[in-house]
Asks: 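First, the structure itself, so that you have it in front of you.
Nothing fancy with the numbering, it's 1 onward along the sequence.
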Amino acid sequence: TTLDPKAAVEQAFFDQWDAFVEILEDPDPSNPLIDQFFTGEARDALLDTISDFVDAGQATRRPEDPEDFVPRSVQVTLESDTTAVLIECTVDGTVVVDSASLEPINDAISTYEARNVFELVEGSWKLASSEDLRDGDPSCDDL
């Protein structure tokens, strides 16, 4: 069955978060998940993050407690047939580790508020850009 556009965008949001975590568990700029779920500025930013992680000898792991990593979609707005905006309020407790020893470097848990633009590319919704909204957007205040 075909999802309605808003549901499809929301599914793409959850899928891109899973892909993001998987990509950074073993940072590699040739990972096929990059082009499957990311485009434009978001793809470029992810490639920069991968490069930074490789240079620093770092990777990520999911936190032990599943409640420490919870992507949440707050609102989806279709701006056109090929562009949608999704506001998120995500609990991000992914753990940055040393790639060699797997010892934690940063295990802080934060709330990530963002305005994400998704574009329909060849039949698939992909994250095109993400803008941090921590300064003043109330989307997470009521959750």
Side-chain angles (χ1 to χ4, degrees), residues 2-64 66-141 143:
T2 303
L3 296 175
D4 73 75
K6 284 186 178 182
V9 169
E10 197 164 63
Q11 185 60 54
F13 162 74
F14 292 115
D15 291 346
Q16 67 83 30
W17 260 115
D18 286 341
F20 181 81
V21 172
E22 185 174 332
I23 291 164
L24 292 181
E25 285 178 346
D26 183 18
D28 176 355
S30 67
N31 188 318
L33 293 175
I34 297 166
D35 288 329
Q36 186 175 346
F37 295 103
F38 301 88
T39 190
E41 290 176 21
R43 182 183 182 279
D44 294 344
L46 177 55
L47 289 171
D48 288 347
T49 299
I50 291 168
S51 178
D52 292 346
F53 269 57
V54 169
D55 290 349
Q58 297 176 348
T60 62
R61 296 292 178 262
R62 288 184 183 268
E64 287 185 28
E67 292 189 18
D68 289 343
F69 179 71
V70 183
R72 288 187 289 208
S73 167
V74 176
Q75 178 183 12
V76 178
T77 305
L78 297 175
E79 295 198 334
S80 72
D81 290 343
T82 59
T83 305
V85 173
L86 183 147
I87 304 297
E88 78 174 285
C89 178
T90 292
V91 175
D92 182 3
T94 51
V95 181
V96 177
V97 299
D98 178 271
S99 294
S101 69
L102 300 182
E103 288 295 316
I105 295 170
N106 183 347
D107 61 359
I109 299 168
S110 62
T111 300
Y112 182 69
E113 297 176 63
R115 178 185 186 273
N116 301 296
V117 176
F118 283 82
E119 292 180 0
L120 189 60
V121 179
E122 297 175 0
S124 297
W125 288 100
K126 298 182 182 188
L127 180 64
S129 66
S130 186
E131 175 188 1
D132 191 338
L133 295 176
R134 284 180 228 189
D135 297 327
D137 186 271
S139 61
C140 290
D141 294 348
L143 297 176

Asks: Rounded to the nearest 0.5 Å, what's the gap from CG on D55 to CD1 on I50? Could you check?
Replies: 12.0 Å
Asks: For D107, check side chain to side chain donor-acceptor pair (under 3.5 Å) against everything at least two apart and list the hits.
Replies: none
Asks: Sequence neighbours left out, what passes side-chain contact (heavy atoms from CB on, under 4.5 Å) with A8? Give chain and number order.
Replies: L3, W125
Asks: Looking at residues at least two apart in the chain, or sitting in another chain, which of them share a side chain to side chain donor-acceptor pair (under 3.5 Å) with E22?
Replies: none
Asks: Rounded at 0.5 Å granularity, tell me how far OG in S73 sits from CD in Q11.
Replies: 11.0 Å
Asks: Does any part of the side chain of F37, heavy atoms only, come nearer than 4.5 Å to the side chain of L127, both counted from C-beta?
Replies: no
Asks: Excluding sequence neighbours, so at least two apart, what forms side-chain contact (heavy atoms from CB on, under 4.5 Å) with I105?
Replies: Q58, V96, D98
Asks: Parallel, tilted or perpendicular for F38 and F20, by the 30°/60° rule?
Replies: tilted
Asks: Which residues satisfy the ring-ring contact (aromatic ring centres under 6.0 Å, His included) test with Y112, sequence neighbours excluded?
Replies: none
Asks: Looking at I34 and P29, what are the two nearest heavy atoms and their distance?
Replies: CD1-O, 3.5 Å
Asks: For the residue pair F14 and W17, is the inter-centroid distance of their aromatic rings smaller than 6.0 Å?
Replies: no
Asks: How many angstroms lie between CD1 in I23 and OG1 in T60, if you round to the nearest 0.5 Å?
Replies: 10.0 Å
Asks: Rounded to the nearest 0.5 Å, what separation is found between the OG1 atom of T90 and the CG atom of D92?
Replies: 7.5 Å
Asks: Does the side chain of K6 come within less than 4.5 Å of V9's, by heavy atoms?
Replies: no
Asks: Please check: side-chain N/O of T49 versus main-chain N/O of A45, any donor-acceptor pairing under 3.5 Å?
Replies: yes
Asks: For D68, what residues pass the side chain to side chain donor-acceptor pair (under 3.5 Å) criterion, not counting sequence neighbours?
Replies: none
Asks: Please tell me whether E119 and T39 have a donor and an acceptor in their side chains that are separated by less than 3.5 angstrom.
Replies: no
Asks: I'd like to check D81 versus L120 (side-chain heavy atoms, cut-off strictly below 4.5 Å). Are they in contact?
Replies: no
Asks: For F53, which residues count as a ring-ring contact (aromatic ring centres under 6.0 Å, His included) partner, sequence neighbours excluded?
Replies: none
Asks: Show every salt bridge (charged side-chain N to carboxylate O under 4.0 Å, His left out) that has at least one partner inside residues 37-47, sequence neighbours left out.
Replies: D35-R43
Asks: Only counting residues at least two apart or in another chain, list the ones meeting side-chain contact (heavy atoms from CB on, under 4.5 Å) with E79.
Replies: T83, V85, R115
Asks: Side chains of E88 and E113: closer than 4.5 Å at any heavy-atom pair?
Replies: no
Asks: Could you tell me which non-hydrogen atom of V54 sits nearest to which non-hydrogen atom of P27, and how far apart they are?
Replies: CG2-O, 3.7 Å
Asks: What residues form a side chain to side chain donor-acceptor pair (under 3.5 Å) with D18, not counting sequence neighbours?
Replies: R62
Asks: Any chance you could measure T77, atom OG1, to L86, atom CG, to the nearest 0.5 Å?
Replies: 8.5 Å
Asks: Specify the closest pair of heavy atoms between C89 and T111, including all atoms of both residues, with the distance to one decimal.
Replies: SG-CG2, 3.7 Å
Asks: Does V70 have any side-chain contact (heavy atoms from CB on, under 4.5 Å) partners at least two apart in sequence or in another chain, and if so, which?
Replies: R72, V91
Asks: Search all heavy atoms of S99 against all heavy atoms of A59 and return the closest pair with its distance.
Replies: OG-N, 3.6 Å
Asks: Can you name the closest pair of heavy atoms from V97 and P104 and give their distance?
Replies: CG1-CA, 4.1 Å
Asks: Taking all non-hydrogen atoms of both residues, which atom of A114 and which atom of L133 are closest, and how far apart?
Replies: C-CD1, 3.6 Å
